[in-house]
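One structure is given here, and the rest of the page talks about it.
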Amino acid sequence: MIDRSGFGDDPDVGLALDAVEAGIEAARPETVLETAVELDNHDLRIDGERYDLSAYDEVLVLGGGNAAGEIATHLSDLLGASLSGGVVVTDDPAPAGPIEVVDGTHPVPSDANVEGTRRLLARARESDADTLVLVAVTGGGSALLSAPVEEVPLPDLQALTGELLRSGAPIDRINAVRKHVSALKGGHLARELAPATTVGLVFSDVTSGDPSVVASGPLSPDPTTYEDARAVVSEYEIDAPASVVRHLRRGVAGEISETPGPDDPAFETVSVHVVADNFTALAAAREVCAAAGYDPVILSSSVRGEAREAAKTQVAIAEEIERSGNPVEPPAAVLSGGETTVTIRRGDPGTGGPNQEFAMSAALELGEGPVLCAVDTDGIDGPTDAAGAVVDGDTVENIQHARSLLAEHDVYDYLADRGALVQTGQTGTNVNDLRVLLVPE
């Protein structure tokens, strides 16, 4: 999965890459669904619940996100002739039998995303009480499942998306806005599917693991309001297009109905299962490190905040391990996950991503010995072709130059020149960031 041609033969670099690769593999749909979804004749078992396929006139697969293509392929192979069809929108398409797989874009929505999502909604509206619908809800779904409300044209949605991604706002706040300009998010898909029996298969890429945040919660009651969405736009100084401002203002004034809440009858026939999350990847990485003789410590699966600041905390823990043997003696592996952010000031010219900035910031602090690998498990770190980077104390030579690049959010070329970028290509999954910091004896 990882192109290792430029990394040499440093055993700790190799181990860090092994651990990250194991984490990504553990979170891939074919690995997760092998145990989470089972079929015995017509008896479909999902996370402990059972569904008699013979009791339904139709069995559909709908959904979207980075992992939706692999989920659709697995479900198509598993269900065979019992599957009627469906639609998924993904940026990593794969053949999936009778399921239409739409090739979309991420992280900024395109015409393909919108048209694919509208076809999905049309298929959802055809379902009835005799339909079983399996819905793939994965990281990246907020962009890929894009069907903006009529008042907001696609160019305005694209501009809003760019503003939100540059704002540094946490994902739950970003998605509060997305839900309120969408015909599908914030529980609207559940409403369109009712009264079908709907089962959500969620691959969580959010630190809370909250299904109402993953892919902006198409199957979940929405705890946020139009007022919340407008507050995000104000607080983070988001330059929202006029159509978005007008739509949110109308929602606050009560001229537009709120997103479905927990009392909405649409959710009576919906069950949602989080089948993989960041800890899925962390646990697999931990096993690899332990097998290599490193004492693993998982800091958290929900690290958030500015990437370059979060990196200093993880390095500080490595320094404590080297200095005092706390919380464990070296050799040790300090692991973390979650979703750090990068706040882009208007006019910043740089190229990079949160994991590249995490790695560069760590490299400025690392002494001799420790090695850090930081990646986004979907293989795409920010608007770049890298998943992240692997660094050590020798990665940075000119500290002042590296700091200036970090301040300008322009670390990609520097890390590329140092042979530090980690390239995986699209991985077929997305359970957020994964970081492995090795502290040798």
Side-chain angles (χ1 to χ4, degrees), residues 1-2 20-21 23-33 36 61-75 86-96 99-110 112-114 116-117 120 134-146 161 164-165 171 174-175 178 184-185 189 200-207 209 211 213-219 274-278 280-281 337-339 353-355 375-388 422-434:
M1 181 189 303
I2 295 176
V20 163
E21 198 166 69
I24 294 171
E25 186 64 32
R28 289 187 61 186
E30 62 183 309
T31 307
V32 173
L33 298 181
V61 172
L62 303 177
N66 302 121
E70 286 206 11
I71 294 172
T73 298
H74 183 92
L75 293 177
V87 182
V88 299
V89 186
T90 182
D91 61 343
D92 190 18
I99 304 168
E100 179 186 0
V101 180
V102 178
D103 188 1
T105 58
H106 176 266
V108 178
S110 64
N113 299 30
V114 173
T117 304
L120 183 154
L134 309 180
V135 183
V137 181
T138 88
S142 291
L144 287 155
L145 290 175
S146 289
T161 300
L164 290 168
L165 295 178
I171 192 64
I174 288 174
N175 286 356
R178 285 165 154 168
L184 176 141
K185 301 176 177 68
L189 180 58
L201 298 171
V202 177
F203 282 66
S204 172
D205 69 332
V206 301
T207 56
V213 180
V214 182
S216 299
L219 297 179
V274 178
V275 294
D277 59 15
N278 190 256
T280 305
E339 184 172 38
N355 287 285
V375 301
D376 193 322
T377 55
D378 67 359
I380 307 166
D381 184 39
T384 74
D385 60 357
V422 175
Q423 307 276 0
T424 64
Q426 290 176 302
T427 63
T429 192
N430 184 356
V431 291
N432 235 322
D433 301 334
L434 176 60

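For this chain, numbers begin at 1 and follow the sequence in order.
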With a 3.5 Å distance limit and no angle check, can you tell me whether [X] reaches the backbone of [Y] through a side-chain donor-acceptor pair?
| X | Y | answer |
| --- | --- | --- |
| Q426 | D91 | yes |
| T73 | G69 | yes |
| K185 | S142 | yes |
| N113 | T105 | yes |
| E339 | D433 | no |
| T90 | G65 | yes |

Does any non-hydrogen side-chain atom of [Y] lie less than 4.5 Å from one of [X]?
| X | Y | answer |
| --- | --- | --- |
| S204 | N278 | no |
| V32 | F203 | yes |
| I71 | L75 | yes |
| L120 | L189 | yes |
| L144 | P109 | no |
| T161 | P107 | no |
| L201 | V135 | no |

task: Let me know which of V206, V274, L219 forms a side-chain contact (heavy atoms from CB on, under 4.5 Å) with P211.
output: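 Passing option: V274.
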From N355, N66, N430, T424, residue fulfilling side-chain contact (heavy atoms from CB on, under 4.5 Å) relative to T377: N430
Grab the two heavy atoms, one from [X] and one from [Y], that are nearest each other, plus how far apart they are.
| X | Y | answer |
| --- | --- | --- |
| V275 | L33 | CG2-CD2, 4.5 Å |
| V87 | I99 | N-CG2, 4.0 Å |
| T429 | R28 | CB-CA, 3.9 Å |
| A215 | G141 | CB-CA, 3.7 Å |
| G63 | L145 | O-CD2, 3.7 Å |
| T427 | E70 | O-OE2, 3.9 Å |

task: Go through D277 and T280 one step at a time and tell me if the side chain to side chain contact (heavy atoms under 4.5 Å, CB included) criterion holds.
output: CA-CA 5 Å; D277 59 15; T280 305; 3.4 Å; yes
Trace of the side chain to side chain contact (heavy atoms under 4.5 Å, CB included) decision for V422 with V20: CA-CA 10 Å; V422 175; V20 163; 5.7 Å; no
message: What's the separation between atom CZ in R178 and atom CD1 in I171, rounded to the nearest 0.5 Å?
response: 5.0 Å
message: I need the N432 CG to D378 CG distance, nearest 0.5 Å.
response: 8.5 Å
message: I'd like to know whether V202 forms a side chain to side chain contact (heavy atoms under 4.5 Å, CB included) with T138, so could you lay out the CA-CA distance, the side-chain angles of the two residues, the decisive distance to 0.1 Å, and finally the verdict.
response: CA-CA 6 Å; V202 177; T138 88; over 6 Å; no
query: Could you walk me through whether V88 and V61 pass the side chain to side chain contact (heavy atoms under 4.5 Å, CB included) check?
result: CA-CA 7 Å; V88 299; V61 172; 4.2 Å; yes
